[in-house]
Amino acid sequence: MEKKNRKKFDIMNYFGAIRTIAALLLSMLLVFVIILFVSETPGLAIQKLMLGPLETKRSFFNVIVRAIPLVFTGLGLTLCLKSGIFNISSDASFYMGAVVATAIAISWPLPNIVHQTVLILAAGIIGGLISMLPVIINKYTKVNPVVLAIMANSIFYYFGLSIISTFFLEKSGSWGSYKFPDDARLGTMVKGTSLHYGFVIVIFVTIFVIFLMNKTSFGYKVRVTGSNPAFAKASGIRTGFIILIAQFIGGAIAGMGGAIEMVGVYKRFQWQTQTAYVWDGLLIYMLANGNPTFIPLTAFFIAYLRVGAEIMSRAADLDPEIVTFLQGIIILLVASQRFLYFIKKRHDQKVSLKQAEAEEGGAAA
Amino acid sequence: MMQFFLSPTFWKTVLASTTPVMLATLAANMMTKSGIFNLAIEGTMLICALTGVVVSAFTQNLWVGCIVAVAMGIAVSFIFGYFALIMKGAMNACGVALNLVASGGTVFVLVMLTGSKANSSALRSLTFPVVDIPILKDIPVLGTIFSGQNMVTYIGWVIVILTSWMLYKTKLGINIRAVGENPAAAKAAGLNVIFYQFVALAICGVACSFGGMYLSMGALKSFTTGMVAGRGYMSLAMDAMSQGNPIVGCLSSLLYGFSDTITVYLQLYSKIDLKLIDAFPYLFIIVVLIIIQTIRKTIAHRKEKLASLQQAS
């Protein structure tokens, strides 16, 4: 009897996934309607947005390159958010990671592979330490960590920018640091595209996080602390310690992402504006439903949208910022628990009715 | 170099740059008092700033623009309320989502209307006038500081006073605070929790819209992208400082105005890197927050000790 039940395919087991996809489709539909109203060539715009990245080999690999930093921020946020703290200071870690990587790349001559390893690890440590700050300050001030994290993003952006512009700025030409030496950069992996060896590192980090969150006692402790702090404390987990370590690892991953993006894609430090990877990372995390296994997939999706939007804005008369708008709508729908709740409710009612009937039948017999 | 502390113009600038944060802090206070955590204050201000500019440019009527922007602020707050309270979304995530909608949507609309991604100077929008107060303006120092501010600043002060009167002296305010303190108890006492939270959201929306309009129709003459620049987030820190009290919140937002004005003066007169100085308001506020909260903690600790001593004796 039990075996039969298990085998039976029940679509409601996949309710979470269906809900997410429905939210995606609905928000895409909304954006299409907006495009239809404001664009003079809506067909072209929608086609470029959806299929643009597939047109050339170059733009397709561009999507993968774009997805690399997003996977890093997404994975970093997974650790931070799973521990129950809404710590979105990944941008601070990311930016400072890039700054640290620049500093080491320029000022510290080292042999090829050692150089990259050192600068990525250093960026990771700095990123991790930064990510712990909002939690520590929150303990003393009781200000919401979200606010502190957002303030940290701004503070470290200004701080990092002033480090670059005082110590590493090349005086001639456009704004930028000195060029990185070749032995500090990650080489291109596929000729004729911009894909760099950071891709390999991403795969390793992803496997590491999946293993950490699903197969180790640390990952379990993080999840318990996040979902029920009182229970975690009562069962002897040192919640404060676990939260801090989770923030450190999360920030470290984000910091490494910053370093890899910097030495992988750029020839010199050129980020004059504040990075905004954390919002993308948050969307990726929410679409993946907090499961690190799905993060590469959702990161690819967001990168695809971004590249598609840029191709669209070149071909049609629309601004790529519509994708940011789209992201907001998707988060709103995915976040709201009651979205499509009525389907689940009706299903649950049906199941419990059936159970009650079966029990009655059993009692009568 | 530090002479500028003594000049009345410095303090006038402090009051002027306090205004948007003061209104945002009021919005955050209302949210705390009604038990909501609203990150979307930032986005609401941004949307209202653009709405005010666009509507006033197309109708050439300041007050129509003002009213539409206020209605927009209430609408955006209600959208937040709908998703966070009725659809039971995580408040953090809903706030972030609305901020993304605001930052993407405003740029998109701006490009559609003006063709420029940076600002709305192509639109001939209207601004709130500067108001001189009759008798006050003739008093030497006070006149320079308090008279001749933008009209929104005075409107803001009135809103702060009205709101704090409403919160502490009327039945509506008491109910809102009861809902924020303990929603379950308020529900058991027969209050409609969602209704009172939406009233608070409406007031939040009004405050946000004036804060946004001050930026685009008072301090500057046009809308520029991302012009709220973290003021909405900053207001949440001010709110933590004032613990929900509008009058204290108004005073603590002066800290922001002060540090913001100092930043401008430092950039003019000192040799430190410009970008490093930009980080000053954030650092200043975090440091002040840590100090205030530590003092609060020690006072609470002492009180507890005293109480236990008295019980023992």
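So that the names make sense, note that chain A is the first sequence line, chain B the second, and so on, each numbered from 1.
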Nearest-0.5 Å distance that lies between atom [atom1] in [X] and atom [atom2] in [Y]:
X: Ile79(B); Y: Leu332(A); atom1: CD1; atom2: CG; value: 8.5 Å
X: Leu100(B); Y: Ile330(A); atom1: CG; atom2: CD1; value: 10.5 Å
X: Leu289(B); Y: Met151(A); atom1: CG; atom2: CE; value: 7.0 Å
X: Ile150(A); Y: Leu236(B); atom1: CD1; atom2: CG; value: 8.0 Å

Worksheet item: What heavy-atom pair brings Gly328(A) and Ala97(B) nearest, and what distance separates the two atoms?
Response: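 Minimum heavy-atom separation between Gly328(A) and Ala97(B): O-CB, 3.3 Å.
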Worksheet entry | Nearest heavy-atom neighbours spanning Ile329(A) and Val101(B) |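 Here Ile329(A) and Val101(B) meet closest at N-CG2, 3.8 Å.
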Worksheet item: Can you list the steps and then say if Phe37(B) with Val147(A) is a side-chain contact (heavy atoms from CB on, under 4.5 Å)?
Response: CA-CA 11 Å; Phe37(B) 180 70; Val147(A) 178; 4.1 Å; yes
Checking [X] against chain A: side chain, backbone, both or neither under 4.5 Å from a heavy atom?
X: Ala90(B); result: backbone
X: Ile291(B); result: neither
X: Met241(B); result: neither
X: Ile292(B); result: neither
X: Ala240(B); result: side chain

Practice prompt. Report the residues that fulfil ring pair (Phe, Tyr, Trp, His ring centres under 6.0 Å) with Tyr304(A), sequence neighbours left out, ordered by chain and then residue number.
Written response: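 Once residues adjacent in sequence are excluded, Tyr304(A) has no partner under the ring pair (Phe, Tyr, Trp, His ring centres under 6.0 Å) criterion.
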Below 3.5 angstrom, are there any donor-acceptor pairs between chain A and chain B, and if so, which atoms and how far apart?
{"from": "Thr141(A)", "atom 1": "O", "to": "Gln293(B)", "atom 2": "NE2", "distance (Å)": "3.0"}
{"from": "Ser165(A)", "atom 1": "OG", "to": "Asp273(B)", "atom 2": "OD1", "distance (Å)": "3.4"}
{"from": "Gln337(A)", "atom 1": "N", "to": "Met87(B)", "atom 2": "O", "distance (Å)": "3.1"}
{"from": "Arg338(A)", "atom 1": "N", "to": "Met87(B)", "atom 2": "O", "distance (Å)": "2.9"}

Item to complete: Just give me the residue among Leu110(B), Leu283(B), Leu98(B) that pairs up with chain A most often, heavy atom to heavy atom, under 4.5 Å.
Response: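 Ranked by heavy-atom pairs under 4.5 Å with chain A, first place is Leu283(B).
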Worksheet item: If you count heavy-atom pairs under 4.5 Å with chain A, which of Phe280(B), Phe108(B), Phe80(B) comes out on top?
Response: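 With the most close heavy-atom pairs to chain A, the winner is Phe108(B).
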[X] versus chain B, heavy atoms under 4.5 Å apart: side chain, backbone, both or neither?
X: Ile163(A); value: neither
X: Ile322(A); value: both
X: Ile34(A); value: side chain

Worksheet item: Given the rule in the side-chain contact (heavy atoms from CB on, under 4.5 Å) test, do Val107(B) and Phe325(A) qualify, once you have shown the distances and angles that lead to the verdict?
Response: CA-CA 9 Å; Val107(B) 173; Phe325(A) 177 80; over 6 Å; no
Worksheet item: Is the shortest heavy-atom distance from the side chain of Ile155(A) to the side chain of Ile286(B) under 4.5 Å?
Response: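 Answer yes - side chains close enough.
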